[in-house]
Amino acid sequence: MGVEQAKMAAQIAADGANSIYISEFGPDCETTAQYQTVLTSLRNVQQKYNIEYLYLLYTDGNKVYYMMDTDTSELQAHYGQEFEKSYEQLAAAFGGEEIAQEYIDRTEYGNLISVYRPITNSSGEVVAVIGSDFNANNIISKLNECTRNVIVVAIICLIISVALMGITVESICKNLRTVNQKVYDLVHSEGDLTQKLNIHTGDELELIAENINKLLEHIRGIMFNISNNSVQLTDSSKKVVGNLSSAEMNVTDVSAT
């Protein structure tokens, strides 16, 4: 937006500048009525479109010089004063092309977006280049404000995230402590396999508790089978003992006979 506004101001100033007057400007032109007319026109454009600096430039093919400067301070440049940029940097503008700076230049004179537009006469010859330095201080202020807002929002989000993370970790640790205590109780219950883990957290810990309960149930079934088989083994042993006693008596009878 700053670039577009600087382009628009440069275009309006170039269209409003009298190329006939400009082509006649020379070293002693600052006191002429034509010079003051063009200067007044440029200052009106400068004030209307928030342009920090508006000026006309010319070149001798080697260097670039000021032709007119709308600045009203003691820093105002006068006709023939050398411009800070080289001819190579502005050669395209003196060749008839517009040069638009697509970035904000932080200079000692402020935050500026510069546009250079050629002014041509009726024959299409470039008689001067108009420089438009858009004041980007408001843009910088808005950018800084946006940056501050982003940082504040990021800090708030970070704090909320850390708080939520802490709550989540504490909840997980609490459930882990519960599971650990239940397992401890099972281990120290003198082999009581009828106990169960009653955990209803709705997460993986609940699944772990359910699997432990299934494991306990399976072990309990195994122990029941072992107990039943032990009873059957005892009965079988008693029968064997009885049969052995009967066999001993029979052997004794045979021996007596």
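Here the structure is a predicted model, which means the values were calculated and not measured.
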Between Ala10 and Ile130, the two heavy atoms sitting closest are O-CG2, 3.9 Å
- Query: Checking Gln89 side chain against Ser86 main chain: does a donor-acceptor pair fall under 3.5 Å?
  - Reply: yes
Fill in: Hydrophobic cluster identity match, Ile160 and Val152, side-chain contacts under 4.5 Å
yes
Rounded to the nearest 0.5 angstrom, the CG-NZ distance for Asn149 and Lys142 is 10.0 Å
Is Phe94 close to Pro118 at the side-chain level, that is, under 4.5 Å between some pair of heavy atoms?
no
Interatomic distance, OH@Tyr58 vs CD1@Ile119, rounded to 0.5 Å, equals 15.0 Å
Would you say Asp60 and Tyr65 are linked by a side-chain donor-acceptor pair, where the criterion is simply a distance under 3.5 Å? yes
### Query
Within the side chain of Thr257, is there an N or O that forms a donor-acceptor pair under 3.5 Å with the backbone of Asp253?
yes
### Query
Is the closest side-chain heavy-atom distance between Asn135 and Ile113 below 4.5 Å?
no
CG (Leu39) and CD (Gln76) are apart, to the nearest 0.5 Å, by 7.0 Å
Can a donor-acceptor pair be found, under 3.5 Å and without considering hydrogens, that links the side chain of Ser114 to the backbone of Asp133? no
**Item:** Ion pair Lys63/Glu88, N-O distance below 4.0 Å
**Value:** no
d(Ser132 OG, Tyr116 OH) to nearest 0.5 Å is 9.5 Å
Going only through I, L, V, M, F, W and Y residues with side-chain contacts under 4.5 Å, is there a path from Ile167 to Ile159? no
**Report entry** Test item: Tyr55 and Phe83 side chains (from C-beta on) under 4.5 Å apart, heavy atoms
**Finding:** yes
Same cluster or not: are Leu75 and Tyr66 linked, directly or through other Ile, Leu, Val, Met, Phe, Trp or Tyr residues, by side-chain heavy atoms under 4.5 angstrom apart? yes
Note: Ala13 and Val45 closest approach over all heavy atoms is CB-CG1, 4.1 Å
Separation between CD (Gln47) and OG1 (Thr70), nearest 0.5 Å, reads 9.0 Å
What do you reckon, is CD of Glu248 surrounded by more than 12 foreign heavy atoms closer than 6.0 Å?
-> no
If we only count heavy atoms from C-beta on, is the Ile51 to Leu54 side-chain gap below 4.5 Å? yes
Original post:
Is any side-chain heavy atom of Leu56 less than 4.5 Å from a side-chain heavy atom of Asp69?
Top reply: no
Could you tell me whether Tyr53 and Phe134 have their ring centroids closer than 6.0 angstrom?
no
Of all heavy-atom pairs linking Thr59 and Asn62, the shortest is OG1-N, 4.1 Å
Exactly one candidate in Asn213, Asn211, Ile219 meets side chain to side chain contact (heavy atoms under 4.5 Å, CB included) with Leu215; the answer is Ile219
Below 4.5 Å, heavy atoms only, C-beta onward: do Val38 and Met68 meet side chain to side chain?
yes
OG (Ser41) and CD (Gln46) are apart, to the nearest 0.5 Å, by 11.5 Å
Thr72 versus Arg43: any side-chain heavy-atom pair under 4.5 Å? yes
In terms of heavy-atom contacts, Phe25 and Met67 come closest through CD1-SD, 3.8 Å
- Task: Compare all side-chain heavy atoms of Val115 with those of Gln101 and state whether any distance is below 4.5 angstrom.
- Result: no
**Prompt:** Taking everything shown except His218 itself, do over 12 heavy atoms lie less than 6.0 Å from its NE2?
**Reply:** no
Handout entry: Exam field: side chain Ser255 to backbone Val251, donor-acceptor pair closer than 3.5 Å
Key = no
